[in-house]
Student: 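Can you keep this structure in mind? I'll have questions shortly.
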Amino acid sequence: MSDLYIYNSYTREKEKFEPLVPGYVGLYVCGPTVSGESHLGHARPYITFDVVNRYLQYLGYKVRYVRNITDAGHFEEEGREAEDKVATKALLERLEPMELVHKYTNLFHWGMRLFNTLDPSIEPTATGHVIEQINMIQDIIEKGYAYEVNGSVYFDVKKYAEHFPYGKLSGRVLDDQLETTRELDGQEEKRNKADFALWKNAPPEHIMRWTSPWGEGFPGWHIECSAMSSKYLGQVFDIHGGGMDLQFPHHESEIAQSTIAHGHAPVRYWMHNNMITINGKKMGKSYNNVIKLTELFSGNHPMLEQPYHPMVVRFYILQTHYRSTLDFSNEALQASERALRRLWEGYEVLKKLNHPGNTEAQDKALDKKVTDWCRECDEFMNDDFNTARVVANLFELVPVINGMKGGQIKLNAISADTFTLLSQTFKSYMEDILGLQPLAQEQGDKLDKVLSLLIDIRKDARTRKDFATSDQIRNKLTEAGITLKDEKDGSVSYTIE
RNA sequence: GGUCGCGUAGCCGAGUGGCUAGGCAAAGCUCUGCAAAAGCUUCUACAGCGGUUCGAAUCCGCUCGCGACCUCCA
């Protein structure tokens with residue numbers, strides 16, 4: 001098999017992937033900030049890197065996948081902000097930070113389960129690693145690259161840039177950063193505008209606070225990822241992933257902090273997924289155009305024409321390369337739904353086919369096509385995880401499978417080996433790598449028996465040419481979301497929406 | 001303003017300089033009691049203008065349009 005190449009955002013080139021320790025991969029992905037509900041835009045990195053994780057495992061690597069939960073910071077729940085600041089409220093009337101964080105962490109996990117993402121190996125929380133963060137900040141201060149002002153600690157970016165390539169990841173020039181005219185909170189405390197906070201002093205009304213060498217406060221946004229990634233993956237690790245919008249300042253800051261604390265850059269391959277847009281604009285809280293996962297799955301949103309199944313959303317995301325923007329529309333989602341249904345049904349049909357076992361293919365040209373389409377899937381994945389091309393190849397194979405079922409193509413047209421390859425490719429890609437699942441829930445025995453009865457009654461009616469009855473059964477079932485299909489061999493199958 | 005990226009058929013979207021990706025939609029045909037599903041066929045596009053080249057969607061330049069980051073952001 002060809003080698004895996006990954007587009008490294010740091011060098012802006014596709015590079016051959018070689019893990020630090022042969023056979024093992026350390027993968028870190030920036031997780032959610034659990035101060036609010038996850039939306040469609042958030043789904044993209046977690047599905048993208050789920051496939052990265054799955055594919056690395058498919059290649060035989062032992063992956064340690066770390067994805068953090070950002071549960072520390074300046075948190076407020078919408079609509080409750082004002083109340084929280086009133087200290088006179090009774091304890092149970094106020095919002096506990098832990099309560100808020102717990103609620104949205106659970107909701108996030110709920111969404112991830114529906115998307116069929118594999119659990120990370122470790123899901124560390126920022127609040128659980130305050131000590132590690134404080135230690136790392138102290139280390140940076142001792143090395144002379146951070147300074148304390150009024151109980152807050154800032155990283156000295158200007159000094160760092162004199163010795164290290166600050167801005168390389170995000171393609172930024174420090175001089176421009178120093179001239180930024182923006183007025184931000186705590187700006188006057190910084191020596192330079194490009195400096196960023198490692199630790200923030202907590203004002204009296206701030207709900208999250210910890211004791212530190214610099215007084216009561218809370219960690220800066222960037223330090224948690226540096227502290228937790230180095231703890232669980234080492235000072236240097238293989239892959240760090242996240243959304244493109246995190247490149248600056250978040251990931252740039254991570255590099256700076258870790259470089260000072262550990263003496264070398266932390267990450268060997270940086271991967272960034274592109275954004276999901278809606279009407280051409282990035283989906284984001286500040287644009288006021290988000291569709292939350294709960295809304296997406298229920299259809300309960302003014303922009304949604306219908307609910308969308310989590311698998312449809314997953315498939316829709318994987319039909320595009322992860323470094324391209326992906327525009328949301330009802331039309332696109334609906335097209336994905338039909339496409340996924342067709343693809344999955346093709347897979348179900350394939351599972352039921354039995355090859356006669358001939359070693360010689362009767363149709364050499366088709367045999368070769370099928371073999372190539374299957375083998376190309378690995379090549380496409382090796383080319384920076386091109387799931388879009390993989391999906392296209394699977395679709396090339398669907399008519400072959402359906403043709404075999406329908407009799408237009410003889411099963412012995414391809415060899416037994418090729419048929420095995422075809423089956424394995426579908427199994428590996430549909431289930432293990434792309435992580436797809438059937439849209440319909442698995443139905444229990446009872447419904448199956450009821451439907452068998454109805455199918456038998458309808459069959460009798462048809463043999464008596466009582467089409468009124470047979471059509472009534474079929475139409476009523478269709479209304480209930482159950483589609484009957486009369487197969488060529490006289491049998492009847494059904495699909496449930 | 002700075003940095004970076006994008007503009008592909010009705011829609012969504014791949015695309016390594018030469019070999020019509022794929023999906024959805026649409027049309028026709030086959031199969032079927034009728035449907036549905038499936039199969040076959042049709043629809044040959046690369047923002048515009050120059051340039052490099054035997055040959056460009058793909059490389060270069062300019063123009064137009066759009067977006068991302070520079071602030072919390074997946």
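Residue numbers begin at 1 in each chain, while the letters A, B, ... track the order of the sequences.
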Student: Tell me, what's RNA chain B's dot-bracket, Watson-Crick or G-U with both distances under 3.5 Å, | for other-strand, [ ] crossing?
Tutor: (((((((..(((.....[...))).(((((.......)))))....(((((..]....))))))))))))....
Student: Using 30° and 60° as the class boundaries, would you call the ring planes of His240(A) and His251(A) parallel, tilted or perpendicular?
Tutor: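 Rings of His240(A) and His251(A): perpendicular, as their planes differ by over 60°.
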Student: Among all residues two or more places apart in sequence or in another chain, which pass the salt bridge (Lys or Arg N to Asp or Glu O under 4.0 Å) test with Glu396(A)?
Tutor: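 Glu396(A): no salt bridge (Lys or Arg N to Asp or Glu O under 4.0 Å) contacts found.
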Student: Once salt bridge (Lys or Arg N to Asp or Glu O under 4.0 Å) is applied, do any residues pair with Asp460(A), and if so which ones, sequence neighbours excluded?
Tutor: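 Result, salt bridge (Lys or Arg N to Asp or Glu O under 4.0 Å) vs Asp460(A): none returned.
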Student: What contact category does Phe395(A) fall into here, base, sugar-phosphate, or nothing, at under 4.0 angstrom with non-hydrogen atoms?
Tutor: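 Phe395(A): backbone/sugar contact only, no base atoms under 4.0 Å.
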Student: Looking at Arg67(A) and Asp50(A), does any basic side-chain N land under 4.0 Å from a carboxylate oxygen?
Tutor: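 No, no charged N to carboxylate O under 4.0 Å.
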Student: Run the ring pair (Phe, Tyr, Trp, His ring centres under 6.0 Å) test against Phe155(A) and tell me which residues pass, sequence neighbours left out.
Tutor: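 Checked Phe155(A) against ring pair (Phe, Tyr, Trp, His ring centres under 6.0 Å); matches are Tyr160(A), Phe196(A).
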Student: How would you list all residue pairs meeting ring pair (Phe, Tyr, Trp, His ring centres under 6.0 Å) that involve residues 370-397 of chain A, not counting sequence neighbours?
Tutor: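 Qualifying pairs, neighbours excluded: none.
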Student: Using ring pair (Phe, Tyr, Trp, His ring centres under 6.0 Å) as the criterion, list what pairs up with Tyr232(A), not counting sequence neighbours.
Tutor: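 Tyr232(A) satisfies ring pair (Phe, Tyr, Trp, His ring centres under 6.0 Å) with His129(A) only.
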Student: Just checking Gly41(A): base, sugar-phosphate only, or nothing, at a heavy-atom cut-off of under 4.0 Å?
Tutor: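 Base contact.
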Student: Going by number, which of residues 106-115 of chain A have a non-hydrogen atom under 4.0 Å from RNA chain B?
Tutor: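 Contacting residues: none.
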Student: Under 4.0 angstrom, heavy atoms only, what part of the nucleic acid is Lys465(A) near: base, sugar-phosphate, or nothing?
Tutor: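 Nothing, no nucleic acid heavy atom in range.
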Student: Indicate, with a heavy-atom threshold strictly under 4.0 Å, whether Ile276(A) touches base, sugar-phosphate, or nothing.
Tutor: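 Base, at least one base heavy atom under 4.0 Å.
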Student: Whether Lys14(A) and Asp384(A) form a salt bridge (side-chain N of Lys/Arg under 4.0 Å from carboxylate O of Asp/Glu) is what I want to check.
Tutor: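 Salt bridge flag = no for Lys14(A) with Asp384(A).
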Student: Output all residues satisfying ring pair (Phe, Tyr, Trp, His ring centres under 6.0 Å) with Phe115(A), sequence neighbours left out; order by chain, then residue number.
Tutor: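 Applying ring pair (Phe, Tyr, Trp, His ring centres under 6.0 Å) to Phe115(A) gives Phe297(A).
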Student: Between the protein and nucleotides 10-13 of chain B, list the N/O to N/O atom pairs that are separated by less than 3.5 angstrom.
Tutor:
residue: rC11(B); atom: O2'; partner: Glu331(A); partner atom: OE1; Å: 3.3
residue: rG13(B); atom: OP1; partner: Asp327(A); partner atom: N; Å: 3.1

Student: In chain order, what residues pass the ring pair (Phe, Tyr, Trp, His ring centres under 6.0 Å) check against His42(A), with sequence neighbours excluded?
Tutor: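 His42(A) satisfies ring pair (Phe, Tyr, Trp, His ring centres under 6.0 Å) with His39(A) once adjacent residues are dropped.
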Student: Using only side-chain N and O atoms of Tyr287(A), determine if any of them is under 4.0 Å from OP1 or OP2 of rC72(B).
Tutor: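 Answer no for this pair, as no side-chain N or O of Tyr287(A) is under 4.0 Å from OP1 or OP2.
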Student: Which parts of nucleotides 34-39 of chain B does protein reach within less than 4.0 Å, heavy atoms only, written one letter per nucleotide 5' to 3' as B for base, S for sugar-phosphate only and - for none?
Tutor: BBBSSS
Student: Any side-chain donor-acceptor pair under 3.5 Å between Asp238(A) and Tyr28(A)?
Tutor: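 Asp238(A) vs Tyr28(A): no donor-acceptor pair found between side chains.
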Student: Under the salt bridge (Lys or Arg N to Asp or Glu O under 4.0 Å) test, which residues partner Asp367(A), sequence neighbours left out?
Tutor: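 By the salt bridge (Lys or Arg N to Asp or Glu O under 4.0 Å) rule, Asp367(A) matches no residue at all.
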